[in-house]
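Here is the naming used below: chain letters follow the sequence lines, and residue numbers restart at 1 for every chain. Note that the coordinates shown come from a computational prediction; the quantities given were computed from them, not determined experimentally.
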Number of protein chains: 2
Amino acid sequence: MIKLEEVTKVYRMGMEEVRALDGVTLWVDEGEMLVIMGPSGSGKSTLLHIMGCLDRPTEGKVFIDGEDISRLNDAQLARLRNSTIGFVFQQFNLLPRMTAFGNIELPLIYAGIPRKERIRRVKTLLKRFELEDRARHRPGQLSGGQQQRVAIARALANEPKIILADEPTGNLDTASGKTVIENLVKLNKEGITVIVVTHDPEVASIGHRIIYLRDGKIVGEEVK
Amino acid sequence: MIKLEEVTKVYRMGMEEVRALDGVTLWVDEGEMLVIMGPSGSGKSTLLHIMGCLDRPTEGKVFIDGEDISRLNDAQLARLRNSTIGFVFQQFNLLPRMTAFGNIELPLIYAGIPRKERIRRVKTLLKRFELEDRARHRPGQLSGGQQQRVAIARALANEPKIILADEPTGNLDTASGKTVIENLVKLNKEGITVIVVTHDPEVASIGHRIIYLRDGKIVGEEVK
Ligand SMILES: Nc1ncnc2c1ncn2[C@@H]1O[C@H](COP(=O)(O)OP(=O)(O)OP(=O)(O)O)[C@@H](O)[C@H]1O
Ligand SMILES: Nc1ncnc2c1ncn2[C@@H]1O[C@H](COP(=O)(O)OP(=O)(O)OP(=O)(O)O)[C@@H](O)[C@H]1O
Ligand SMILES: [Mg+2]
Ligand SMILES: [Mg+2]
């Protein structure tokens, strides 16, 4: 489903160079539940962004569903992302001037889904993540955990084939965190590929496979 | 040290009313290590903001060091905050166009600390939270956990008498999280009042007292 070959990501700042990823080779099968762990700054978010086509590698190749994404221009990449990938950002990246409802609805508008179906899907997601009475609030009128749940709902709106979640329970209490994990497990059982970055061993325990990053490299792997 | 009497915070949105806090009475002694827990949306951040003089209650009274803060104008409140309180925000609230170094240095500039001493203190904090090689990075060039550590370092820069930390380990791996907790415990042993909001039972275990919020009310308390 997702194939990374010798992927490197280098940030240049003046004379300094940061190797956020350093020669990462990784295959993720369709329907797999992959967990990524590692110290702060080890490259997890960078890896997730590249897998999610939100960023291009400095070196190496990325294949999504067999397609070499370096052959796609930015517009084609955006279309692939919108139709195939649901991304939950570590810092949510919600649009501050839209409501919770509007933020979740946006990917459906881009996908050309008709209004009646959009409303049905958004309402279902608001209910699932206990956000019904916060639908009209904008991000600044939501708690940290409520914003995180809106970000998760938004990632699921287009019924993506691949879900990439960057520390999706970091701001959630145990109960809300369980709901998120149960949802990811359920989607994975329906055949959706799920990749989760986490620091939480509870969350990590749902993975078929756990890979460990350190200084931009994969340094270990555990298979259930 | 901090006294809240029947504190209520109501947000009005058109016809709707959200009671983020509902009649909270709470005393925090000098030198106490208080932990605040509760479900997502229960009012923890709101409570912390009011205790940290970043927000005023809709009803009720707030006393910091015996001083009724409703008698202070905004400029006086800002001065009290800067000299006495260190606040770690749930979403960091770093200035995006300043470096890690600059963000940590800012409260010291407001406090009128001379340049040589500012540089010494910032360097010490960068080292303590393993950010030395990220000093020149701006928030957008930092990982989530690195941003969180910059936010923590900034809160400690002015050697405050009260530290309020809103889910300070949410984006940190176990090792970095331990460092943060050890620092808070050490400061608390030196007499500093520390109040931490957390969902993590590991973090909660350092508290002298844990209070539980639900729907804007204190519903339980545990004393070690
Ligand atoms: N500006 C606002 N306008 C309207 N409602 C608000 C506003 N800010 C916060 N709220 C609501 O107040 C309630 C308490 O928010 P708060 O941020 O204190 O929760 P919290 O306990 O910190 O949650 P979390 O664990 O998710 O961070 C939430 O239900 C939130 O939707
Ligand atoms: N735009 C950038 N310019 C320079 N360095 C960057 C940039 N973005 C990220 N970095 C660096 O790349 C490294 C990897 O960052 P990344 O966000 O992938 O880490 P992470 O594993 O997700 O960390 P965390 O657990 O703290 O979220 C970090 O050391 C970070 O400072
Ligand atoms: Mg990250
Ligand atoms: Mg909060």
- [ ] Using a cut-off of 6.0 Å, state whether more than 12 heavy atoms not belonging to Glu5(B) lie near its atom CD.
- [x] yes
Task: Contacts with chain B made by residues 13-21 of chain A (heavy-atom distance under 4.5 Å), listed by residue number - done: Met13(A), Glu16(A), Val18(A)
Open item on the list: Can you tell me which portion of Ser143(B) sits under 4.5 Å from chain A's heavy atoms? Options are side chain, backbone, both or neither.
Closed with: side chain
TODO: Against chain A, label Gln146(B) side chain, backbone, both or neither, depending on which of its atoms sit under 4.5 Å from a heavy atom there.
DONE: both
Task: Least distance between heavy atoms, Lys44(A) atom then Met37(A) atom - done: CD-C, 3.7 Å
Open item on the list: Taking atom CD as the centre, does Glu132(B) end up with more than 12 heavy-atom neighbours from other residues, nucleotides or ligands that are less than 6.0 angstrom away?
Closed with: yes
Task: Residue among Ser40(A), Gly41(A), Gly145(A) with most heavy-atom pairs under 4.5 Å to chain B - done: Ser40(A)
- [ ] Please flag which part of Gln141(B) lies under 4.5 Å from any non-hydrogen atom of chain A: side chain, backbone, both or neither.
- [x] side chain
- [ ] Determine which residues belonging to residues 210-224 of chain B lie within contact range of chain A, meaning some heavy atom pair is under 4.5 Å apart, and list them by number or answer 'none'.
- [x] none
Open item on the list: Using a 4.5 angstrom heavy-atom cutoff, name the option from Asp173(B), Thr174(B), Leu172(B), Thr169(B) with the most pairs to chain A.
Closed with: Asp173(B)
Task: Part of Gln147(A) within contact of chain B (heavy atom distance under 4.5 Å) - done: side chain
Open item on the list: Does Phe129(A) form a side-chain contact (heavy atoms from CB on, under 4.5 Å) with Arg134(A)? I'd like the steps, not just the answer.
Closed with: CA-CA 11 Å; Phe129(A) 294 105; Arg134(A) 291 291 178 270; over 6 Å; no
Open item on the list: For the CZ atom on Arg209(B), are there more than 12 heavy atoms of other groups (residues, nucleotides or ligands in this structure) within a distance under 6.0 Å?
Closed with: yes
TODO: Under 4.5 Å heavy-atom distance to chain A, tell me which part of Asp166(B) shows up: side chain, backbone, both or neither.
DONE: neither
Open item on the list: Need one label for Ser45(B): side chain, backbone, both or neither, based on atoms under 4.5 Å from any heavy atom in chain A.
Closed with: neither
